[in-house]
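Side chains are part of it too, since the values below use all heavy atoms of this structure and drop only hydrogens, waters and symmetry mates. Atoms within a ligand are numbered from 1 in the order they appear, just like the ligands themselves.
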Amino acid sequence: MKNILKFIAISLISLCGFALHAAKPADAGKKAAAAKCPISGKPADPKCSVAYEGKTYTFCCGDCRKEFNEARANSLYQKIGGKAALSAAVDLFYKKVLADKLVNHFFDDVNMRRQHNKQKAFLAAALGGPEAWIGKDMRKIHANLKLKEAHFNAIAGHLLATLKELKVKPDLIDQVMAVVGSTKNAVLNRK
Ligand code: HEM
């Protein structure tokens, strides 16, 4: 488990653009027949698929499907309850953020519906969800905000409070916070 966390943290720090081991759903493409196996990159076999959170992922072979299933089962994302749980957590988290005078002004001109969706997608990828983060780089998106350590700690604190309120298991909370903490230098635009 430590190794998995280490891998996630290193990926977050070094990439901060996030191409974590994640897949695109087969039905996201124009034609299912042209889909590629998200594990090997080889042509996918429509007979070798798996449904996950309402989407179908198609692989070239059983080994790749097994790898995908194992990655999902081992992921922090799935352990905390997957899409539904993360969605509820992000919604509650932003209620807390917007009620906090230290940080809420940063979001004055931000489309919060979009922000919720982006944050859900980002955290899903960072916690080992099935789809990669294809959004902006964490350093770039926060660079102009000139954030201080206190701002980061406040945001992280609201996430921590949210997870506790939602009764996520303490060991899982620690792991989520370690992943979020690994973004700190990028968010604060530090080396
Ligand atoms: C704790 C770690 C943090 C993570 C994981 C995080 C994640 C994100 C994500 C995923 C986005 C959306 C990126 C996109 O539009 O593609 C974003 C945008 C934003 N974040 Fe953060 N963030 C963090 C910390 C902070 C802090 C500390 C602040 C301010 C107190 C902040 C303020 C903002 C604002 C204002 C935007 C919108 C920027 C814009 O649309 O121009 N974030 N953040």
A.B. asks: Select the closest option to atom 42 (N) of ligand 1 among H142, H105, M112, E149, judged by heavy-atom distance.
C.D. replies: H142
A.B. asks: Would you find a donor on one side and an acceptor on the other, under 3.5 Å apart, between the side chain of R72 and the backbone of G128?
C.D. replies: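 Indeed, once roles are kept as given, a pair shorter than 3.5 Å links the two residues.
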A.B. asks: OG of S182 to CE of M177: how many Å apart, nearest 0.5 Å?
C.D. replies: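 Those atoms lie 10.5 Å apart.
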A.B. asks: Looking at ligand 1, does K184 have a heavy atom less than 4.0 Å from it?
C.D. replies: no
A.B. asks: With atoms numbered from 1 as shown, which atoms in ligand 1 lie under 4.0 angstrom from a non-hydrogen atom of R114?
C.D. replies: 15 (O)
A.B. asks: Where does the angle between the aromatic ring planes of Y94 and F107 fall among parallel (under 30°), tilted (30 to 60°) and perpendicular (over 60°)?
C.D. replies: perpendicular
A.B. asks: Nearest heavy atom to atom 8 (C) of ligand 1: which of Q119, H116, K120 does it belong to?
C.D. replies: Q119
A.B. asks: Any non-hydrogen side-chain atom of S40 less than 4.5 Å from a side-chain atom of F59?
C.D. replies: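 The answer is no, as the side chains (C-beta and beyond) never meet within the 4.5 Å cut-off.
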A.B. asks: Using a strict 4.0 Å threshold on nitrogen-to-oxygen distance, state whether R190 and E149 make a salt bridge.
C.D. replies: yes
A.B. asks: With atoms numbered from 1 as shown, which atoms in ligand 1 lie under 4.0 angstrom from a non-hydrogen atom of F152?
C.D. replies: 1 (C), 2 (C), 27 (C)
A.B. asks: What protein heavy atom is closest to atom 18 (C) of ligand 1, reported as residue, atom name and distance in Å?
C.D. replies: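 Result for atom 18 (C) of ligand 1: Q115 NE2, 3.2 Å.
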A.B. asks: Could you list the atoms of ligand 1 found under 4.0 angstrom from a heavy atom of W133?
C.D. replies: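 Counting atoms of ligand 1 from 1, those under 4.0 Å from W133 are 10 (C), 16 (O).
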A.B. asks: How far is atom 24 (C) of ligand 1 from its nearest protein heavy atom, and which residue and atom is that?
C.D. replies: V187 CG1, 3.6 Å
A.B. asks: With distance as the sole criterion, is a donor-acceptor pair present between the side chains of N189 and H142 under 3.5 Å?
C.D. replies: no
A.B. asks: As an exercise, identify every atom of ligand 1 less than 4.0 angstrom from a heavy atom of I141.
C.D. replies: 13 (C), 14 (C), 15 (O), 18 (C)
A.B. asks: For ligand 1, which atoms have a heavy atom of F122 less than 4.0 angstrom away?
C.D. replies: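 Under 4.0 Å from F122, ligand 1 has these atoms: 5 (C), 10 (C).
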A.B. asks: Which residue supplies the protein heavy atom nearest to atom 32 (C) of ligand 1, what is that atom called, and how far is it?
C.D. replies: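 Answer for atom 32 (C) of ligand 1: F107 CZ, 3.4 Å.
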A.B. asks: Do any N or O atoms from the side chain of Y77 and from the backbone of K83 form a donor-acceptor pair under 3.5 angstrom?
C.D. replies: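 Yes; judged by distance alone, with no hydrogens or angles, the pair exists.
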A.B. asks: Hey, what's the ring geometry for F106 with H151, parallel, tilted or perpendicular (30° and 60° as the breaks)?
C.D. replies: perpendicular
A.B. asks: Quick check on N111: does its CG atom have over 12 non-hydrogen neighbours (other residues, nucleotides or ligands) under 6.0 Å away?
C.D. replies: yes
A.B. asks: Where's the contact between F106 and ligand 1, heavy-atom distance under 4.0 Å: side chain, backbone, both or neither?
C.D. replies: both
A.B. asks: Would you please test Y52 and E131 for side-chain hydrogen bond (donor to acceptor under 3.5 Å, both in side chains) and show each step?
C.D. replies: CA-CA 11 Å; Y52 187 80; E131 292 178 53; over 6 Å; no
A.B. asks: Record the part of L147 in heavy-atom contact with ligand 1 below 4.0 Å; permitted values are side chain, backbone, both and neither.
C.D. replies: side chain
A.B. asks: Is the closest protein non-hydrogen atom to atom 20 (N) of ligand 1 under 4.0 Å?
C.D. replies: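 Yes, at least one protein heavy atom sits under 4.0 Å from atom 20 (N) of ligand 1.
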A.B. asks: Counting heavy atoms only, which of K118, K148, M138, H151 comes nearest to atom 9 (C) of ligand 1?
C.D. replies: M138
A.B. asks: Can you list the ligand 1 atoms lying under 4.0 Å from a non-hydrogen atom of V103?
C.D. replies: 30 (C)
A.B. asks: Find out whether L123 and V90 are in side-chain contact, i.e. whether some heavy atom of one side chain is under 4.5 Å from a heavy atom of the other.
C.D. replies: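 Side chain of L123 against side chain of V90, heavy atoms only: contact under 4.5 Å found.
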A.B. asks: Could you identify the single nearest non-hydrogen protein atom to atom 27 (C) of ligand 1 and state the distance to 0.1 Å?
C.D. replies: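 In this structure, atom 27 (C) of ligand 1 has I155 CG1, 3.3 Å as its nearest protein heavy atom.
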A.B. asks: Run the numbers for me: atoms of ligand 1, each under 4.0 Å from some heavy atom of T183, listed by number.
C.D. replies: 2 (C)
A.B. asks: Pull out every atom of ligand 1 sitting under 4.0 Å from any heavy atom of L145, numbered as shown with elements.
C.D. replies: 32 (C), 33 (C), 34 (C), 35 (C)
